[in-house]
Amino acid sequence: MATLPMAPHAAAISSFTTRPLYSPSSRSHRLLLARFFSAAPAPALAKGLRATASAVEVGGVKIAREDVVKEDDPTNNVPDTIFSKIGLQLHRRDNHPLGILKNTIYDYFDKNFTGQFDKFDDLCPLVSVKQNFDDVLVPSDHVSRSYNDTYYVDGQTVLRCHTSAHQAELLRDGHTHFLVTGDVYRRDSIDSTHYPVFHQMEGFCVFSPDEWSGSGMDGTAYAAAELKKTLEGLARHLFGAVEMRWVDTYFPFTNPSFELEIYFQDDWLEVLGCGVTEQEILKRNGRRDHVAWAFGLGLERLAMVLFDIPDIRLFWSNDKRFTSQFSEGKLGVKFKPFSKFPPCYKDMSFWINDAFTENNLCEVVRGIAGDLVEEVKLIDNFTNKKGMTSHCYRIAYRSMERSLTDEEINNLQLNVREAVKDKLKAELR
């Protein structure tokens, strides 16, 4: 099930959700955005950041740094901070909250659909633009295709922004029931629920005419009914006997489309998005006259709720005070905070230009401070009589593992200011 970017907070780590469509920037504008992240040398790593490996291996495919980070290619906008996450595969660690959640979902499908669903969790994240967008009917003017939202390796290759990028290939290979789990990549804002790399699971199930012919329903109605029954069972498996509701929505790749919400901890929580697969997708991939359902969910979003994890950066921590709290097969063990290090706030004001986007700013800040930056928030803006617009951003620095020194924070902020001036061509105030 395709999982596209959406508005902040409402489903920051959610899946199967879309932002409004818009007219994309011109090619020259997209290239300008890309050049922001290839024209200048990478800054020195902040203390505690992991050095980037020269090559990694995913699913038997060796991926070298130069295959992904191309400083001389104006169509490339992948920084070293993103390359450093490829191959870590948190979802394949059985003692990690994401691995525990993935395996719990596997258990549900193994118990209720024995031997039916093929599982894939080691597919290469480098995919073509066709796989990532065209194969799942993402419109040509959808915001997710822009350089501001997606990491482009080159003009025809991206880091997948949803696990649905593998859907068409698996259908063509003959798979009719499958679960795909993997790390996905999106340029995004910086706060406790947003991170440029997160993890998704997609489920897909195909039905032949024989399966619904005696049901008294047409194929679409039959697939929708089976979908809701399956996912209500999954929600009970994860959260217990909770109240549920279905919300009609829109996705380009399913019709009808739904979101499943549960009443949990005194509020309605979106669990996943889903729907009946558009017939065009099935026709293109050898399944004419069939119907299918698909769902997509964000592992971090659910794990933060189930394990009481307050900050998405913690999933990437190697601190034993974090990792030792979780054990294979134990879903919902509540995280116990191990530090109360205070944040340090630094404000920065500058005049923006026509090419400025907040995602570009966050990419610059994250490239320098890594996981030491907790939040980047717009706190003020105005336009003067000359038509120049000024933005003031407040940057919160905080480590989840140690206290930051004044000298360290001041150096980070100085480097951020210089990078904003040099890479974003912004005039500091």
Tell me yes or no: between the side chains of Lys111 and Tyr106, is some donor less than 3.5 Å from an acceptor? no
Should the pair Trp212 and Tyr222 be assigned to parallel (<30°), tilted (30 to 60°) or perpendicular (>60°) ring geometry? tilted
For the pair Asp110 and Lys119, find out whether any cationic side-chain nitrogen is under 4.0 Å from an anionic carboxylate oxygen. yes
Gln131 backbone acceptor or donor facing Ser128 side chain under 3.5 Å: yes
Under the side-chain contact (heavy atoms from CB on, under 4.5 Å) criterion, do Cys392 and Ile379 qualify, and how do the steps go? CA-CA 6 Å; Cys392 180; Ile379 61 172; 3.8 Å; yes
State plainly whether the residues Arg284 and Glu280 are in salt-bridge range, i.e. N to O under 4.0 Å. yes
May I ask you to check whether Phe356 and His391 place their ring centres under 6.0 Å from each other? yes
Under 4.0 Å between a side-chain nitrogen and a carboxylate oxygen: does that hold for Asp149 and Arg187? no
Side chains of Asp107 and Thr104: do they bring a donor and an acceptor to under 3.5 Å? no
How far does CD1 of Ile105 sit from NZ of Lys102, to the nearest 0.5 angstrom? 10.0 Å
Salt-bridge test for Arg313 and Glu374: reply yes if a basic N is under 4.0 Å from a carboxylate O, no otherwise. yes
Work out which heavy atom in Ile100 is nearest to a heavy atom in Asp94; give both atom names and the distance. CG1-O, 3.3 Å
Given side chains that start at C-beta, do those of Val138 and Ser144 come closer than 4.5 Å, heavy atoms only? yes
Between Gln116 and His177, the two heavy atoms sitting closest are O-CB, 3.1 Å
I want to check something: taking the side chain as every heavy atom from C-beta on, are Thr230 and Leu234 in contact at a cut-off of under 4.5 Å? no
Using a strict threshold of under 4.0 Å (side-chain N to carboxylate O), is an ion pair present between Lys283 and Asp289? no
Salt-bridge contact Asp122-Arg92 (side-chain N to carboxylate O under 4.0 Å): yes
Taking only Lys NZ, Arg NE, NH1 and NH2, and the carboxylate oxygens of Asp or Glu, determine whether Asp183 and Lys85 approach each other closer than 4.0 Å. no
Nearest 0.5 Å, please: how far is CG in Asn77 from OH in Tyr152? 8.5 Å
Nearest 0.5 Å, what's the SG-NE2 distance between Cys205 and His175? 14.5 Å
Qualifying residue for ring-ring contact (aromatic ring centres under 6.0 Å, His included) with Phe307, from Phe326, Phe322, Phe315: Phe326
Distance alone, cut at 3.5 Å: any donor-acceptor contact between the side chains of Tyr151 and Glu363? yes
Counting only N and O atoms by type, is there a donor-acceptor contact under 3.5 Å from the side chain of Asp73 to the main-chain atoms of Lys70? no
Return the orientation label for the Phe350 and Tyr393 ring planes: parallel under 30°, perpendicular over 60°, tilted otherwise. parallel
Could you state the interatomic distance from OH (Tyr185) to CG (Asn132), rounded to the nearest 0.5 Å? 12.5 Å
Mind checking what makes side-chain contact (heavy atoms from CB on, under 4.5 Å) contact with Glu57, not counting sequence neighbours? none
May I ask you to say whether Glu226 pairs ionically with Lys229, meaning some side-chain N is under 4.0 Å from a carboxylate O? yes
Taking the inter-plane angle between the rings of Trp316 and His199 on a 0 to 90° scale, is it parallel (under 30°), tilted (30 to 60°) or perpendicular (over 60°)? tilted
Could you tell me whether a side-chain N or O of Ser327 sits under 3.5 Å from a main-chain N or O of Lys330, the two making a donor and an acceptor? no
Check ion pair Arg65-Glu71 (N to O, under 4.0 angstrom): yes
Quick one, Gln167 and Val180 - any side-chain contact, counting heavy atoms below 4.5 Å? no
Salt bridge check: are Arg186 and Asp188 linked by an N-O gap of less than 4.0 Å? no
Pair Leu272-Glu259, side-chain contact (heavy atoms from CB on, under 4.5 Å): steps then yes or no: CA-CA 6 Å; Leu272 49 79; Glu259 291 174 349; over 6 Å; no
Sub-4.5 Å side-chain heavy-atom contact between Val271 and Glu261: no
Roughly how far, to the nearest 0.5 Å, is CZ of Phe207 from OG1 of Thr277? 10.0 Å
